[in-house]
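Order of the sequence lines fixes the chain letters, A, B, ..., with proteins taken first and strands second; residue numbering starts at 1 for each chain.
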There are 4 protein chains.
Amino acid sequence: MAGSVNKVILVGNLGKDPESRSFANGGKVVSFTLATSENWNDKASGEKREKTEWHNVQIFNENIARTAEQYLKKGSKVYVEGKLQTRKWQDQSGNDKYTTEVVLERFNGTLVMLGERGERGGSSGGGGGDWNQDSAPRGNFGGGGARGGGTSGDGRPAAFDSDLDDDVPF
Amino acid sequence: MAGSVNKVILVGNLGKDPESRSFANGGKVVSFTLATSENWNDKASGEKREKTEWHNVQIFNENIARTAEQYLKKGSKVYVEGKLQTRKWQDQSGNDKYTTEVVLERFNGTLVMLGERGERGGSSGGGGGDWNQDSAPRGNFGGGGARGGGTSGDGRPAAFDSDLDDDVPF
Amino acid sequence: MAGSVNKVILVGNLGKDPESRSFANGGKVVSFTLATSENWNDKASGEKREKTEWHNVQIFNENIARTAEQYLKKGSKVYVEGKLQTRKWQDQSGNDKYTTEVVLERFNGTLVMLGERGERGGSSGGGGGDWNQDSAPRGNFGGGGARGGGTSGDGRPAAFDSDLDDDVPF
Amino acid sequence: MAGSVNKVILVGNLGKDPESRSFANGGKVVSFTLATSENWNDKASGEKREKTEWHNVQIFNENIARTAEQYLKKGSKVYVEGKLQTRKWQDQSGNDKYTTEVVLERFNGTLVMLGERGERGGSSGGGGGDWNQDSAPRGNFGGGGARGGGTSGDGRPAAFDSDLDDDVPF
DNA sequence: TTTT
DNA sequence: TTTT
């Protein structure tokens, strides 16, 4: 039985521009690292402390991926909703490695841009300023087992293509 | 403006069997009330206290609605994820009334059954015991503005049909 | 038994400056309305459509309330996490009314400022620009029934003071 | 930088009884693995497929830890809310390893038992049946940077004690 | 290693 | 109106 929920909600800033990888089957995944930070005052020293957590986000949803490619860059602040997934891979020496990622599947996940302009140096042109359009700034896709059988998806969980599995992930 | 999130997550028990209403256009909405409770010890009296909050859940998503009709009943424990929506209506005397509901739209929302058997007395037949099937117990649908224009949805927010707007809601 | 969850997560913009109300017992509540919006393309007309939902947020947590008073204003973008609560009250004519609010209790709830500068016209002085300090921008407080009996709270659910109950809420 | 959110919400079943580890300073962490599952029908083969994700949950909150020790066992169904945290450690060969965990910090996190009785065979005594008490089944603690300086917490992020850092985690 |  |  299922009866389970696997949900991650993050608000943070991209550590670098998104990267896109294409699969042999025509699919694509867009990925980026996202920083979330905690601040507190150290009771002993009285100093301010900060700890940053880095999350690896993987977007398989086509429309959200397109949005991410077009509008997100290093420094962008986003709301991301996805699921936790741990992937096993081998490094060059053949050692088993595990990487846990926040995955926005083909029919699930949400991305909302929160309006902080990134700090990308160069290109991107005059664009980048109009991402607050209706067609772009919000992606929210869902899919699950209860779907009757329409054309809107096959419910297959997102998975790395085999060739991607060979890469070092993070 | 975009850049917003509107999400409600509830785990609670149905106060009564779900009700279904059909629209003229063939659509359907399944609704139920859901109880969430808080318990605490009153510091003054030392007595145990409990406060129950009742939520009005409205399901427009077809597959989730079907699941709710088939498997949920009074007492069922569920995880529900939807959005907050306030509806205006008039009572018999013409007074304006507002009702806030947890809405699972046509392409958004999640319902997960959590395995507490209800206590429906009668009918339901031999059924009700097999709701733990893969096709049924989980509904998770999403839709949003970033969708490019595929066949998987029109992105129109769920809305009450006009004839339903005339009814007293809760 | 409890075994329930009552959680609301919103990202949106304040519709007006926060308002503070003091209670006879020394307590305080800070409230504001928060807008969340959906955008979509109407399939029939091909026009862009937008629907805004307004949420009534009530902050009983002292530290979060102080943060809201100091740093939030009309237009500020925030992440808010609280619980759903419906309050009954009577209008001047003695009619029963119900208002559903997003409540950040004394020991529960989160507020995160998301960096959109508000559009408050006047005062606020040179301030308002430094809210991104560590001591201010994040409030996250929790409390619940499992608490053993420390000094950190009484677990009593947040409630409107009686004199507040007489007011029109929203 | 502040203005961030790091939240994980899981509903799943414990893969084994919780384990407790004590620190030199008197602290304690209770941990368990939690399974979440997805089911779908493979479009190609028409077969039912299932994929299970395993999550490593670490509870530093004292009251929630106590609840987990007393009432949770292999098979228990729970709602867990915590934050994502990746820890670096070295295996016996001195290789760097990273483990991502769902952490319920000292002043943050929620655990709600969802009523599925576990199947622990042995000990546990006559207990285990009364976990549905008000003082136990719900833990919800929060803490964050906006806290003014009361006695209710120091805001220090949960961290593994050094001796624990030497252990293989998962 | 869970659950169905 | 649920649940314990």
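Note: OH (D:Tyr79) to P (E:dT3) measures 22 Å, nearest angstrom. Here the P atom of nucleotide F:dT3 and the NZ atom of B:Lys73 are 11 Å apart, to the nearest Å. For B:Leu34 and F:dT3, the CG to P distance is 12 Å, given to the nearest whole Å. In this structure, B:Glu38 atom CD and F:dT4 atom C1' are separated by 15 Å, rounded to whole Å. Atom pair D:Leu10:CG and E:dT3:P shows a separation of 17 Å (rounding to whole Å applied). If you measure from atom CE of B:Met113 to atom P of F:dT3, you get 17 Å, rounded to the nearest angstrom. F:dT1 atom P lies 13 Å from atom OH of C:Tyr98, rounded to whole Å. Per the geometry, CZ belonging to D:Phe32 stands 15 Å off P belonging to E:dT2, to the nearest Å.
A distance cut-off of 5.5 Å between ring centres, combined with a plane angle under 30°, leaves D:Trp54 outside any stacking arrangement with the base of E:dT2.
Evaluation of the side chain to side chain contact (heavy atoms under 4.5 Å, CB included) rule for D:Thr52 yields D:Ala35, D:Ser37, D:Glu50, D:Trp54 as partners, not counting sequence neighbours.
Nearest nucleotide to the side chain of D:Lys16, out of F:dT2, E:dT1, F:dT1: E:dT1. Minimum atom distance to the side chain of B:Glu50 is reached by F:dT3, of the listed E:dT1, F:dT1, F:dT3. Comparing E:dT1, F:dT1, F:dT3 by their nearest atom to the side chain of B:Asn13 picks out F:dT3.
The minimum heavy-atom distance between C:Leu84 and C:Val8, with the atom names listed, is CG-CG2, 3.4 Å. Nearest approach of D:Glu105 to D:Asn61, heavy atoms of both residues: O-CB, 3.1 Å.
Residue contacts shown for D:Thr52 include a base, since a base heavy atom lies under 4.0 Å away.
For the side chain to side chain donor-acceptor pair (under 3.5 Å) with D:Thr36, the qualifying choice from D:His55, D:Lys51, D:Glu53 is D:His55, the only one to do so.
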